[in-house]
Amino acid sequence: VLDAGQRVLEASGIMHRSSPDSTTKRSSFRQPPGDNILDRTRAGWEGASVLSSRNLSALPAPGELERRCQALALLDAILSPESRWRYFTFDAAFASGERVARMDSATGDGWLIWFSPQGVVVRGFDHESPVSPWGREPIEPWPGLLDGLPEKLGHGPRLEVDGVDSVTFCLWWDADDPGWRAGVVAQPDVEYADPDGSEGLLAELDGPAEYQTYAQEVFEHVAPLDAIEQVYGQEPLTEGLIRAVDPDADAAVALTTAR
């Protein structure tokens, strides 16, 4: 029996692409302007609120955030035996004392969360965002986005494409100065419900109900909410819990991934 709160997930690859079918589904799941994708009932999940760069107080502390990242990777491993179809991964041995969680969608959007003794950095990229570096000349992060990021946290891994720091939001927690922070970003000249994509991209970190919706959209599987809540809650990972999430799951693969 594996304790999901103590056993970290070993991903065979950090970033994984999605199948052509799931590409379409995930794109339709993204938040369009004016639509609040997180306005859902969160049955059985206490304290949940919308996570975004505009609501830093809703972000969990690093320890809880890391547990949620592990839960997402574990749930994806249960629903997708083939690692290349997973959106969420967790690298427990990125470097000495460092772990990296990733969400990689088929559209090129995603996030990377770097956990280190110095602190935590959340970097995200939404290719449709009006603050995308690819909409600027020269191509570089939007003004103010990285202002205030401590130098000791700035050397961590990035979401790079062709050598460009592809980031539309960046949040950090300095171990020596606890609390979530973000740069003071110059607002774009267009109205957009989620200008940096953080609200849509961080959705599954908000709670089990969000993951349940994601799993239905991407894997065409309705996992019972109570089973998802047990994984989020770090219940011991047993074959019974794996089957509760997905009766057709390859329990051996999931257990191996969770070691």
Side-chain angles (χ1 to χ4, degrees), residues 5-11 13-15 49 51-73 87-104 108-127 129 131-134 136 138-187 195-199 201-206 234:
Q6 298 175 350
R7 303 292 184 112
V8 291
L9 298 156
E10 298 175 349
I14 295 178
M15 298 185 75
S49 57
L51 304 183
S52 80
S53 62
R54 300 171 300 285
N55 189 17
L56 297 181
S57 63
L59 289 166
E64 174 61 21
L65 179 63
E66 185 168 358
R67 286 188 287 273
R68 293 188 191 184
C69 289
Q70 292 175 7
L72 290 174
Y87 281 52
F88 300 101
T89 58
F90 189 89
D91 186 350
F94 179 77
S96 179
E98 301 177 11
R99 288 87 57 208
V100 168
R102 292 189 188 247
M103 190 279 274
D104 177 31
D109 304 331
W111 47 251
L112 178 154
I113 305 179
W114 177 54
F115 299 91
S116 75
Q118 292 76 37
V120 180
V121 179
V122 180
R123 293 175 180 266
F125 176 70
D126 178 353
H127 78 280
S129 168
V131 300
S132 169
W134 293 93
R136 292 172 50 76
I139 301 173
E140 61 184 10
W142 192 262
L145 198 148
L146 300 176
D147 286 359
L149 177 65
E151 183 178 354
K152 64 181 180 181
L153 297 179
H155 70 273
R158 302 180 179 184
L159 290 168
E160 291 192 347
V161 177
D162 295 333
V164 175
D165 188 2
S166 295
V167 59
T168 56
F169 64 90
C170 182
L171 319 172
W172 60 87
W173 178 295
D174 187 340
D176 295 324
D177 187 16
W180 288 109
R181 292 173 174 78
V184 180
V185 180
Q187 294 301 307
D196 61 6
S198 60
E199 188 173 322
L201 290 173
L202 297 176
E204 288 76 34
L205 287 168
D206 213 14
Q234 306 294 291

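Heads up: numbering here begins at 1 and tracks the sequence.
No option in F115, F90, F94 other than F94 meets the side-chain contact (heavy atoms from CB on, under 4.5 Å) test with V100.
We find the OG1-CG distance between T89 and L112 to be 9.0 Å, quoted to the nearest 0.5 Å. Atom CZ of residue F169 and atom CG of residue L201 lie 5.0 Å apart, to the nearest 0.5 angstrom. Considering CH2 of W111 and CZ of F88, their distance stands at 5.5 Å, rounded to 0.5 Å. To the nearest 0.5 angstrom, R68 atom CZ is 9.0 Å from L59 atom CG. Between the CG atom of L65 and the CD1 atom of I113 there is a distance of 4.5 Å, given to the nearest 0.5 Å. In this structure, the separation between CG on D206 and OG on S52 is 9.5 Å, given to the nearest 0.5 Å.
With sequence neighbours left out, the salt bridge (Lys or Arg N to Asp or Glu O under 4.0 Å) criterion links R136 to E140. Take R181 and apply the side-chain contact (heavy atoms from CB on, under 4.5 Å) test, not counting sequence neighbours, and it matches W172, D177.
For the pair L159 and G110, the tightest heavy-atom approach, listed with the atom from each and the gap, is CD1-O, 4.0 Å. When all heavy atoms of P141 and P133 are compared, the closest pair comes out as N-CB, 3.9 Å. Taking all atoms of both residues into account, the shortest heavy-atom contact from V121 to C170 is CG1-SG, 3.9 Å.
Although no hydrogens or angles enter the test, the distance criterion places a donor-acceptor pair under 3.5 Å between the side chain of D109 and the main chain of H127. Without hydrogens or angle criteria, S129 side chain to G197 main chain gives no donor-acceptor distance under 3.5 Å. For S53 (side chain) and S198 (main-chain N/O), no donor-acceptor pair under 3.5 Å exists by modelled atom type. With hydrogens and angles ignored, the 3.5 Å screen pairs no side-chain donor or acceptor of R123 with any backbone N or O of V167.
Using cut-offs of 30° and 60° on the angle between ring planes, the pair W173 and W180 is perpendicular.
Using a 4.5 Å cut-off on side-chain heavy atoms (C-beta onward), L145 and D196 make no contact.
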(request) List the steps and the verdict of side chain to side chain contact (heavy atoms under 4.5 Å, CB included) for C69 and L205. (result) CA-CA 7 Å; C69 289; L205 287 168; 3.9 Å; yes
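Under 4.0 Å is where a charged nitrogen must lie from a carboxylate oxygen, and between D91 and R102 no such pair does.
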Atom pairs and distances, donor-acceptor, side-chain atoms in residues 147-158, under 3.5 Å, two or more places apart:
{"residue": "K152", "atom": "NZ", "partner": "D174", "partner atom": "OD1", "Å": "2.8"}
{"residue": "K152", "atom": "NZ", "partner": "D176", "partner atom": "OD2", "Å": "2.4"}
{"residue": "H155", "atom": "ND1", "partner": "K152", "partner atom": "O", "Å": "2.8"}

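In this structure, a donor-acceptor pair under 3.5 Å is present between the side chains of S166 and W134.
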